[in-house]
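For reference, the structure discussed in these notes is given below.
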Amino acid sequence: MHIMEGYLEPIWCLVWFIVMIPFFYIGVVKLRQILRDHPDQKMIVALSGAFIFLISSLKLPSVTGSSAHPTGTGIAVVFYGVGVCAVLSTIVLIFQALLIAHGGFTTLGANCVSMGIIGPLFGLIIWKLLRKAGAGVFVSMVAAAAVADFMTYVVTAIQMTLNVVTANNASFVDAFVDFMSVYAVTQVPLAIIEGLILGMFAQYLSTTRPDVFEIADKNKINPFAKEE
Amino acid sequence: MALSNNQKLYIGCFAVIIVMSVVFLACVNGDFGGSDDAGGGVADDYGYEAWTGDILTIITGDPNYELPGETESLLFAVQAAIGAIIIGYFIGFNAGQKRAGTGKTETEQ
């Protein structure tokens, strides 16, 4: 889903950076707070980042004959919220932009907003709703991870659409349909696969480290809300 | 030896993932391109022209430079390995702690 270098007008690069910065800042603050107050959580934070590293590197084939990669943000957003997820995603995005020229630095803000903020936010909302409805850890994580993955690509399609609408006077509906057919259709089966992988790991964690789910259930959807 | 519910769940999930992956690999026709590149292609179709190249084209000074496929695969593998090492360490650490706590080996549990 990474938007390549130069494929967003400078004004849109700026807009998405402005959207990203408050989430990134609050994520850094929360990360420092977690590592200071709950040093036992260091391993789980590393694990959340590791899943983004591992899963976002897997380029998988899909129904359209194209390929894409999952995002792996489900664990991070469910355990630590959108802010921390934005920070961990940014680390991976910088790694890929710097070493593989996948994504880019001018599009870092847009890619972080889709992969680290808005996509995972939808996943977190699904997690909260399902947990409130009494669903188990496995089912909740499968749904949360799949939705976070899929919505990441929907947001990317919107970002690319807005860009061609303003730069090339394209029709919003036509461009959105075109971008969605490239990104979203390819992504549906991959989102299911990602959901199953993260769901299995969440199930494993629920038996080995049930304490992390107590923290996850206290986590707020709004990253700017004050801690109780 | 009866399987626990968790083990049945893991086996079922892995089976679904393997079947889906094999079906997609078998059904892919023609060029196997990424959706990231395809997204750029759609923008090109609307007449959009990228205003800057990626960091490698800037460093090499060649606007058409692309990382060789083998090198790109290697770097993706390095990225995957970083994640897998941390996850593997976590699982191993937990298994070790469990053994130390219960005094049993993994196979006895």
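Remember, predicted model here, so these are calculated numbers, not experimental data. Quick note on labels: first sequence line is chain A, next is B, and so on, each numbered from 1.
Contact annotation for A/Thr161: neither backbone nor side-chain heavy atoms come within less than 4.5 Å of a heavy atom of chain B. If you measure heavy-atom distances from A/Val92 to chain B, the contacts under 4.5 Å come from the side chain alone. Contact of A/Leu205 with chain B is made through the side chain alone, with heavy-atom distances under 4.5 Å. For chain B, the nearby part of A/Ala97 is the backbone; its heavy atoms alone come within less than 4.5 Å. In this structure, the portion of A/Ile192 lying under 4.5 Å from any heavy atom of chain B is its side chain and not its backbone. Of the atoms belonging to A/Asn169, not a single heavy atom falls under 4.5 Å from chain B. For a residue to count as touching a neighbouring chain, one of its non-hydrogen atoms must lie under 4.5 Å from one of that chain's; by this rule A/Thr107 does not touch chain B. Of the atoms belonging to A/Phe51, heavy atoms from both backbone and side chain fall under 4.5 Å from chain B. Both the backbone and the side chain of A/Glu9 come within contact range of chain B, judged by heavy atoms closer than 4.5 Å. Residue contact with chain B, scored on non-hydrogen atoms closer than 4.5 Å, involves the backbone and the side chain of A/Ala46 alike.
A/Asn168 places a side-chain N or O within donor-acceptor distance of the main-chain N or O of B/Gly47, the cut-off being under 3.5 Å.
Chosen from B/Val78, B/Ile91, B/Thr57, the residue pairing most often with chain A at heavy-atom distances under 4.5 Å is B/Ile91. Among A/Val164, A/Leu47, A/Leu196, A/Leu98, the residue making the largest number of heavy-atom pairs under 4.5 Å with chain B is A/Leu47. Taking chain B as the reference chain and counting heavy-atom pairs below 4.5 Å, the highest number among A/Gly72, A/Gly103, A/Pro10, A/Ala170 is found for A/Pro10. Comparing B/Ile87, B/Ile85, B/Asn94 by heavy-atom pairs within less than 4.5 Å of chain A, the highest count is held by B/Ile87. Comparing A/Gly104, A/Ala175, A/Gly199 by heavy-atom pairs within less than 4.5 Å of chain B, the highest count is held by A/Ala175.
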Notebook entry, point to check: Does the ring-ring contact (aromatic ring centres under 6.0 Å, His included) test come out yes or no for A/His102 and B/Phe76, once each step is laid out?
Noted result: CA-CA 10 Å; A/His102 190 66; B/Phe76 268 116; 5.5 Å; yes

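Scanning both residues, A/Leu93 and A/His2, for their nearest heavy atoms gives CD2-CE1, 3.3 Å. A pairwise comparison of heavy atoms in A/Ser140 and A/Arg131 identifies OG-CD, 3.5 Å as the closest pair. Between A/Ile3 and A/Thr156, the closest heavy-atom pair is CG1-CG2, 3.8 Å. Annotation for A/Trp127 and A/Val137: closest pair CZ3-O, 3.9 Å, computed over non-hydrogen atoms. The minimum heavy-atom distance linking A/Val78 with A/Ala144 is given by the pair CG2-CB, 4.3 Å.
Using cut-offs of 30° and 60° on the angle between ring planes, the pair B/Tyr46 and A/Phe179 is parallel.
Checked against the 6.0 Å centroid criterion, the rings of A/Tyr204 and B/Tyr10 do not qualify as a close aromatic pair.
We find the CE-OG1 distance between A/Met4 and B/Thr52 to be 12.5 Å, quoted to the nearest 0.5 Å.
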